[in-house]
There are 2 protein chains.
Amino acid sequence: MTEQEQIRFEARARVLKALAHPTRLWIAEQLADGERCVCEFVDGVGVDFSTISKHLTVLKQAGIVADEKRGKQVWYTLKVPCVLNFMNCIEAVIDHKNGNACAATGACP
Amino acid sequence: MTEQEQIRFEARARVLKALAHPTRLWIAEQLADGERCVCEFVDGVGVDFSTISKHLTVLKQAGIVADEKRGKQVWYTLKVPCVLNFMNCIEAVIDHKNGNACAATGACP
DNA sequence: CATACATTTGGCTAATTTACCAAATGTTAA
DNA sequence: TTAACATTTGGTAAATTAGCCAAATGTATG
């Protein structure tokens, strides 16, 4: 691995790491249909609002989401929607691992 | 987020997390053209061989790679090659963040 | 202006991750 | 069988991360 490559792989790992958390994956998926207010995330998940805010900061710093303040509220959007395409492949990894295709539907015996 | 969803997102996050390390991303890319011996990874990167071994264990437990022992050596393969397709999108995130969308298309000056 | 609301920031602790070294394991060759 | 080789496992210290609470910031409304 050359130093050039090292730098590139570190940058890539930073992006993946930003996404590699259950709450942050959930947030990304919520943004599939368009922008959402922070307050909507807070309502939708059982975690402190300051924790949500920190997750959003992680996603923003990675370049995955963008934010815009309008009035009292802050609205987030997916800056690079192709990250949602990861999910199919991730499910394939999970299913492959379980040796069956049931896990994707939650219908495992 | 329902408990069903919670479980699903945790599983997904586990897969992404397994991939979210520079050395492990490099390993995955090395496997693009087919199987590789552990010894080849050790030669290719400036890190202790026990560390490489642990990275390989992480990838294996996530279901991303498979291993096969043949003689003294152990050979690894990509079990689910679609993970390599993440790279284009990840580069798009990085480029977008840097304010240029060129690298994704390979058309940078 | 004072208050209420929405979100971010700071501070702290507990849990997790990474890297190295040393030692253990399994496999072939002398 | 002993020695050498390839890889994994165990142990440990340093760094990072995630969560909560409390406090600070910025914005609209009474």
Find which nucleotide of DNA chain D each of T51(A) and K69(A) is nearest to by heavy atoms, and output the residue with the more 5' nucleotide.
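Closer to the 5' end of DNA chain D: T51(A).
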
> Would V83(A) and I90(B) count as a side chain to side chain contact (heavy atoms under 4.5 Å, CB included) if you check the C-alpha gap in whole Å, the side-chain angles of each, and the deciding distance to 0.1 Å?
Replying inline: CA-CA 8 Å; V83(A) 298; I90(B) 294 172; over 6 Å; no

Output the rounded distance in Å from [atom1] ([X]) to [atom2] ([N]).
{"X": "I52(A)", "N": "dC21(D)", "atom1": "CD1", "atom2": "C1'", "result": "16 Å"}
{"X": "K54(B)", "N": "dG10(D)", "atom1": "NZ", "atom2": "P", "result": "9 Å"}
{"X": "R14(A)", "N": "dA15(D)", "atom1": "CZ", "atom2": "P", "result": "18 Å"}
{"X": "L19(B)", "N": "dT17(C)", "atom1": "CG", "atom2": "C1'", "result": "16 Å"}
{"X": "D67(B)", "N": "dT25(C)", "atom1": "CG", "atom2": "C1'", "result": "15 Å"}
{"X": "E68(A)", "N": "dT7(C)", "atom1": "CD", "atom2": "P", "result": "13 Å"}
{"X": "Q6(B)", "N": "dA18(D)", "atom1": "CD", "atom2": "C1'", "result": "13 Å"}
{"X": "H21(B)", "N": "dA15(D)", "atom1": "NE2", "atom2": "P", "result": "15 Å"}

message = Looking at K97(A) and Q61(B), would you say the former's side chain and the latter's main chain have a donor-acceptor pair under 3.5 Å?
response =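 Side chain of K97(A) to backbone of Q61(B): a pair is present.
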
Base, sugar-phosphate, or nothing: which does [X] touch, judged by heavy atoms less than 4.0 Å apart?
{"X": "R70(A)", "value": "nothing"}
{"X": "K17(B)", "value": "sugar-phosphate"}
{"X": "Y76(A)", "value": "sugar-phosphate"}

Please pick, from [options], the nucleotide with the shortest atom-to-atom distance to any side-chain atom of [X].
{"X": "T57(A)", "options": "dT9(C), dT7(D), dC20(D)", "result": "dT9(C)"}
{"X": "S50(A)", "options": "dA18(D), dA22(D), dT7(D)", "result": "dA22(D)"}
{"X": "V47(A)", "options": "dG19(D), dT9(D), dC21(D)", "result": "dG19(D)"}

Out of curiosity, does V58(B) fall in the hydrophobic cluster containing V45(B) (side-chain heavy atoms, cut-off under 4.5 Å, transitive links)?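 Per the 4.5 Å side-chain linkage, V45(B) and V58(B) are not co-clustered.
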
Do any side-chain nitrogens or oxygens of H55(A) fall under 4.0 Å of OP1 or OP2 in dT17(D)?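 False: H55(A) side-chain N/O out of range (4.0 Å or more) of dT17(D) OP1/OP2.
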
Exercise. Would you say the side chain of R12(A) lies within less than 4.5 Å of the side chain of E91(B), judging by non-hydrogen atoms?
Worked result: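 When only atoms from C-beta onward are counted, R12(A) and E91(B) do touch, with a gap below 4.5 Å.
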
Given DNA chain C, 5'-ward residue of the pair K72(A) and A20(B), judged by closest heavy atom
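The 5'-side residue here is K72(A).
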
Margin query: I'd like to know if E29(A) pairs up with R8(B) as an ion pair, taking the criterion as any Lys NZ or Arg NE/NH1/NH2 lying under 4.0 Å from an Asp or Glu carboxylate oxygen.
Written below: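 Result for this pair is no, no salt bridge flagged.
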
